Undergrad: 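I am attaching a structure below and will ask some questions about it afterwards.
Remember, predicted model here, so these are calculated numbers, not experimental data.
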Amino acid sequence: MMRQTLRLQAAASLKTTLKHAPAKTSTTALAAISHSLRLQAQAIREYSTPSAPSASPTSTPAGTSNNSQPKYRQFHTSDIQNQAREVPGFPILDDPLVQNHSIPSFMVGTQNGFLPRQDPMDVLPKEYEALEELLQKMPLTLKDGSKGLLALGQFGEACKSLPQYDLSNVEDSELLSALYRDYTFVASAYLLEPCDILYRKTGDYGLGRSVLPKNIAVPLVQVAEKIGAKPFMEYALSYALYNYRRIDKSKGLVWGNLELIRPFSGDPSELGFIISHVTMVSHSGELVKNTMKTLEAAGKHNRQAFNEGLAKVVSTYEKINQEMDTMWQRSLPADYLKFRTFIMGTKNQPMFPKGVIYEGVSDEPMFHRGESGANDSMVPMGDNLLQLTESMPSNPLTAVLKDFRTYRPHNHAEFLEFVEEKARQNQVRNFAEQDPNSAAIFLAAVDQIRNFRNRHWSFTKEYIIKYTKHPVATGGSPIVTWLPNQLATVLRTMQEVGAKIDERALLPENKALVDVLTKRADAQARILEREVAQLRTEIRDQDKV
């Protein structure tokens with residue numbers, strides 16, 4: 001009976017949403033809505049099975065807890081290729097439907113790309129006033145320059161007076177996204193406050209808190225289950241891409257017009273660090289659009305459309321990389337460790353050797369990877385389009401990469417899977433290599449992925465390794481070996497593709513381009529190998545994943 005009721009509710013939700021959709025909503029948008037609600041219905045069916053935990057953790061009697069871990073939604077559908085007409089194979093929003101609060105905040109679109117459909121909610125409603133006030137008082141440095149709760153070492157004590165909100169009836173997607181962001185900030189601040197205090201005194205992290213109190217844990221798990229996320233801070237869903245506010249609503253997502261909603265430190269470099277990611281991802285809509293054009297052209301063996309689409313992918317990645325390069329000025333390397341502690345995870349981190357118990361949810365400890373820019377979807381999309389993912393070595397470091405790809409909105413994860421499968425079906429790399437000039441453009445696209453990954457590796461050396469020998473990155477990957485694992489694959493692919501190109505058939509501009517890119521790949525591969533070998537002697541536990 002319960003499952004039948006829930007199925008009826010899902011069907012009614014689908015009819016209601018479609019009924020009230022704007023008259024001019026495109027078929028792509030309607031397909032995306034239908035797709036999203038089918039996923040919601042699937043999740044409801046999963047949660048209604050006898051083995052699933054209660055949809056409302058607060059229904060557990062006081063003083064007891066479930067012995068099983070919370071069940072996270074796994075949205076893997078077999079019919080995504082039949083969902084959209086305008087963009088064959090995957091429902092992508094042409095219109096972000098900013099007024100729609102029924103579908104998820106994060107859905108891939110040609111306008112919003114991998115950003116949320118509407119600007120993040122920046123202040124919680126009055127009924128969550130205690131949570132809002134706690135977050136306003138949390139940062140190390142407050143807006144007026146005074147010390148906040150984290151600087152005073154009083155955040156954990158302040159959390160004791162936070163009410164245990166029941167979020168079981170919250171359905172508005174914008175509010176759910178804001179609550180998820182805010183509870184993950186509270187959880188990370190609570191768990192890592194002792195580590196930050198000790199690090200500022202001694203340079204060591206010590207141990208974090210091993211129990212997340214139920215007034216934080218229960219509502220966090222409730223809201224995480226509702227949006228299909230893990231109950232811990234994520235890059236897109238909380239720390240970066242749902243954490244910006246436009247100063248002037250009429251202007252774009254550009255530097256100077258954005259500020260943070262939730263900081264940990266209040267330091268200007270933290271603002272620069274987060275907002276730089278937002279401005280980079282502001283170009284992702286164009287990237288999505290041209291990735292789809294490239295895939296479609298490869299499938300139809302349309303050489304001209306393929307070259308045009310892939311060339312636009314290259315030019316969009318160039319914009320993203322140029323935006324990324326501004327990080328050096330916006331966020332100073334010497335400042336990064338002032339707020340890095342709070343974005344670390346509980347998985348493969350020495351501060352949490354036994355994980356974290358979520359009080360009122362489970363007696364079993366949970367382990368989650370920390371926030372990382374590696375969880376952004378733009379480079380994984382490029383990896384999949386250019387078939388770099390399938391060229392990654394089969395080793396524990398690549399297994400970490402695949403684990404990272406589960407830390408993102410489900411719609412994004414599904415889209416990445418779709419791109420990977422479609423690129424394999426349409427043999428994107430093989431199609432490019434059949435024509436020398438297409439291969440040159442393909443090589444340029446791979447070089448943009450190299451550019452991005454190389455800069456990320458440079459950031460790691462200058463922002464982190466230069467100042468600390470802590471062996472693990474925020475996401476729980478080995479600090480020295482993980483990024484080079486992917487970068488080496490990119491360089492190897494460039495060498496392989498370049499070696500196959502018949503330079504006699506190249507246009508003059510492409511001949512010069514191929515020569516520059518292949519020589520650079522050869523040189524960088526040698527430098528990277530020596531660099532990693534040296535750093536492995538300086539930083540311990542680089543084989544531990």
Undergrad: Would you say that L253 contacts L115 through its side chain, given a criterion of any heavy-atom pair below 4.5 Å between the two side chains?
TA: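 Answer yes - side chains close enough.
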Undergrad: Roughly how far apart are M121 CE and I261 CD1, rounded to 0.5 Å?
TA: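 Atom-to-atom, M121:CE and I261:CD1 are 10.0 Å apart.
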Undergrad: Under a 4.0 Å N-O cut-off, is there an ion pair linking E132 with R262?
TA: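 Yes, this pair counts.
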Undergrad: Are a donor atom and an acceptor atom from the side chains of E234 and N375 found within less than 3.5 Å of each other?
TA: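 Looking only at side-chain atoms, N375 and E234 do not form any donor-acceptor pair under 3.5 Å.
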Undergrad: So, do V313 and Q448 sit near enough that their side-chain heavy atoms are less than 4.5 Å apart?
TA: no
Undergrad: Backbone N or O of I274 within a donor-acceptor pair of the Y244 side chain at under 3.5 Å?
TA: no
Undergrad: Answer yes if the side chains of N112 and Q118 hold a donor-acceptor pair under 3.5 Å, and no otherwise.
TA: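 Their side chains do not contain a donor-acceptor pair, so the 3.5 Å distance test is not met.
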Undergrad: So H277 and Y235, would you call those rings parallel, tilted or perpendicular, with 30° and 60° as cut-offs?
TA: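 Correct class here is perpendicular.
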Undergrad: Is Q486 close to V490 at the side-chain level, that is, under 4.5 Å between some pair of heavy atoms?
TA: no
Undergrad: Is any side-chain heavy atom of D182 less than 4.5 Å from a side-chain heavy atom of Y128?
TA: no
Undergrad: Checking N290 side chain against E286 main chain: does a donor-acceptor pair fall under 3.5 Å?
TA: yes
Undergrad: Does D119 pair with K249 as a salt bridge, N-O distance under 4.0 Å?
TA: no
Undergrad: Relative to the ring of F114, is the ring of F415 parallel (under 30°), tilted (30 to 60°) or perpendicular (over 60°)?
TA: tilted
Undergrad: Tell me whether E193 is salt-bridged to R209, with the criterion being a basic N under 4.0 Å from an acidic carboxylate O.
TA: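 A salt bridge links E193 with R209.
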Undergrad: What's the separation between atom OG in S331 and atom CD1 in I275, rounded to the nearest 0.5 Å?
TA: 11.5 Å
Undergrad: So, the side chain of N215 versus the backbone of L162: is there a donor-acceptor pair under 3.5 Å, distance only?
TA: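 Present.
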Undergrad: Heavy atoms only: give me the nearest L175-P125 pair and the separation to one decimal.
TA: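 Between these two residues, the closest heavy atoms are CD1-CD, 3.7 Å.
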Undergrad: Distance-only, no hydrogens or angles: does the S265 side chain make a donor-acceptor pair with backbone N or O of L140 under 3.5 Å?
TA: no
Undergrad: Does F273 form a side chain to side chain contact (heavy atoms under 4.5 Å, CB included) with Y239? I'd like the steps, not just the answer.
TA: CA-CA 11 Å; F273 179 74; Y239 185 66; 4.0 Å; yes
Undergrad: Nearest 0.5 Å, please: how far is CD in Q329 from CH2 in W255?
TA: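 It is 10.5 Å, given to the nearest 0.5 Å.
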Undergrad: Could you verify whether a donor N or O on one side chain and an acceptor N or O on the other, from R181 and N243, lie under 3.5 Å apart?
TA: no
Undergrad: Salt-bridged, R330 to E323, with N to O below 4.0 Å?
TA: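 A salt bridge links R330 with E323.
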Undergrad: Are any of the side-chain nitrogens in K293 or E296 under 4.0 Å away from the carboxylate oxygens of its partner?
TA: no
Undergrad: Quick check against the 3.5 Å criterion: does T141 have a side-chain atom that pairs as donor or acceptor with the backbone of G266?
TA: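 No, T141 side chain to G266 backbone: no donor-acceptor pair under 3.5 Å.
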Undergrad: Please work out whether the ring planes of F90 and F418 are parallel, tilted or perpendicular, with thresholds of 30° and 60°.
TA: tilted
Undergrad: Indicate the atoms forming the closest heavy-atom contact of S177 with S105, along with that distance.
TA: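 It is OG-OG, 2.7 Å.
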Undergrad: Can a side-chain donor-acceptor contact be found between H283 and E318 if the only test is distance below 3.5 angstrom?
TA: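 The criterion, which ignores hydrogens and geometry beyond distance, is not satisfied for H283 and E318.
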Undergrad: Between V278 and A240, what is the shortest heavy-atom contact and its length?
TA: CG2-O, 3.5 Å
Undergrad: Give me the atom names and distance for the closest heavy-atom approach of V314 to A444.
TA: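 Closest approach of V314 to A444: CG2-C, 4.0 Å.
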Undergrad: Under a plain distance cut-off of 3.5 Å, with no hydrogens placed, do Q304 and E308 share a side-chain donor-acceptor pair?
TA: yes
Undergrad: Could you check if a side-chain atom of V472 sits within less than 4.5 angstrom of a side-chain atom of M344, using non-hydrogen atoms only?
TA: no
Undergrad: Does atom NZ (K137) have a neighbourhood of more than 12 heavy atoms from anything else shown, all under 6.0 Å?
TA: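 It does not: K137 NZ has 12 such atoms or fewer within range.
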Undergrad: Does the separation of the ring centres of Y242 and Y180 fall below 6.0 angstrom?
TA: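 Ring centroids of Y242 and Y180 are no less than 6.0 Å from each other.
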Undergrad: Nearest 0.5 angstrom please: E462 CD to I465 CD1, how far?
TA: 9.5 Å
Undergrad: I'd like to check F342 versus P139 (side-chain heavy atoms, cut-off strictly below 4.5 Å). Are they in contact?
TA: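 No - every pair of side-chain heavy atoms lies 4.5 Å or more apart.
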Undergrad: How many angstroms lie between atom CD of Q136 and atom CG of L131, to the nearest 0.5 angstrom?
TA: 10.5 Å
Undergrad: Check for a donor-acceptor pair, side chain of H410 on one end and backbone N or O of G228 on the other, with a separation under 3.5 Å.
TA: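 Indeed, once roles are kept as given, a pair shorter than 3.5 Å links the two residues.
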Undergrad: Do L134 and F155 make a side-chain contact, defined as non-hydrogen atoms from C-beta onward lying under 4.5 Å apart?
TA: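 Yes - at least one pair of side-chain heavy atoms lies under 4.5 Å apart.
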Undergrad: Return yes if some donor-acceptor pair links the side-chain N/O of S173 with the main-chain N/O of I103 below 3.5 Å, else return no.
TA: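 It does hold such a pair.
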Undergrad: Does any non-hydrogen side-chain atom of R450 lie less than 4.5 Å from one of L517?
TA: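 With C-beta onward as the side chain, the pair stays apart.
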Undergrad: Locate the shortest heavy-atom distance separating A130 from P163; write the atom from each residue and the value.
TA: CB-CD, 3.6 Å
Undergrad: Walk me through it: do V428 and F442 pass the test side chain to side chain contact (heavy atoms under 4.5 Å, CB included)?
TA: CA-CA 9 Å; V428 169; F442 184 91; 4.2 Å; yes
Undergrad: Does the side chain to side chain contact (heavy atoms under 4.5 Å, CB included) test come out yes or no for F232 and M366, once each step is laid out?
TA: CA-CA 10 Å; F232 201 78; M366 299 188 195; over 6 Å; no
Undergrad: Using the side chain to side chain contact (heavy atoms under 4.5 Å, CB included) rule, take M324 and H456 through it: C-alpha gap first, then chi angles, then the decisive distance, then the call.
TA: CA-CA 9 Å; M324 187 181 186; H456 192 179; 4.1 Å; yes
Undergrad: With a 3.5 Å cut-off and no angle check, do the side chains of E420 and T389 form a donor-acceptor pair?
TA: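 Per modelled atom types, E420 and T389 side chains form no pair under 3.5 Å.
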Undergrad: State whether the side chain of N384 and the backbone N or O of V419 hold a donor-acceptor pair below 3.5 Å, judged by distance alone.
TA: no
Undergrad: Is it the case that the side chain of S188 and the backbone of I343 share a donor-acceptor pair, with hydrogens and angles ignored and the cut-off at 3.5 Å?
TA: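 No, the answer is negative, given that no donor and acceptor are paired below the 3.5 Å cut-off.
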Undergrad: Check for a donor-acceptor pair, side chain of K338 on one end and backbone N or O of E270 on the other, with a separation under 3.5 Å.
TA: no
Undergrad: Kindly state whether the ring of F339 and the ring of F264 have centres lying under 6.0 angstrom apart.
TA: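 No; F264 has its ring centre 6.0 Å or more from that of F339.
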Undergrad: For residues P104 and R117, report the shortest heavy-atom separation together with the two atoms involved.
TA: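 Residues P104 and R117, closest heavy atoms: O-NE, 2.7 Å.
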Undergrad: Going from CD on Q99 to CD on E174, what distance comes out if it is rounded to the nearest 0.5 angstrom?
TA: 9.0 Å
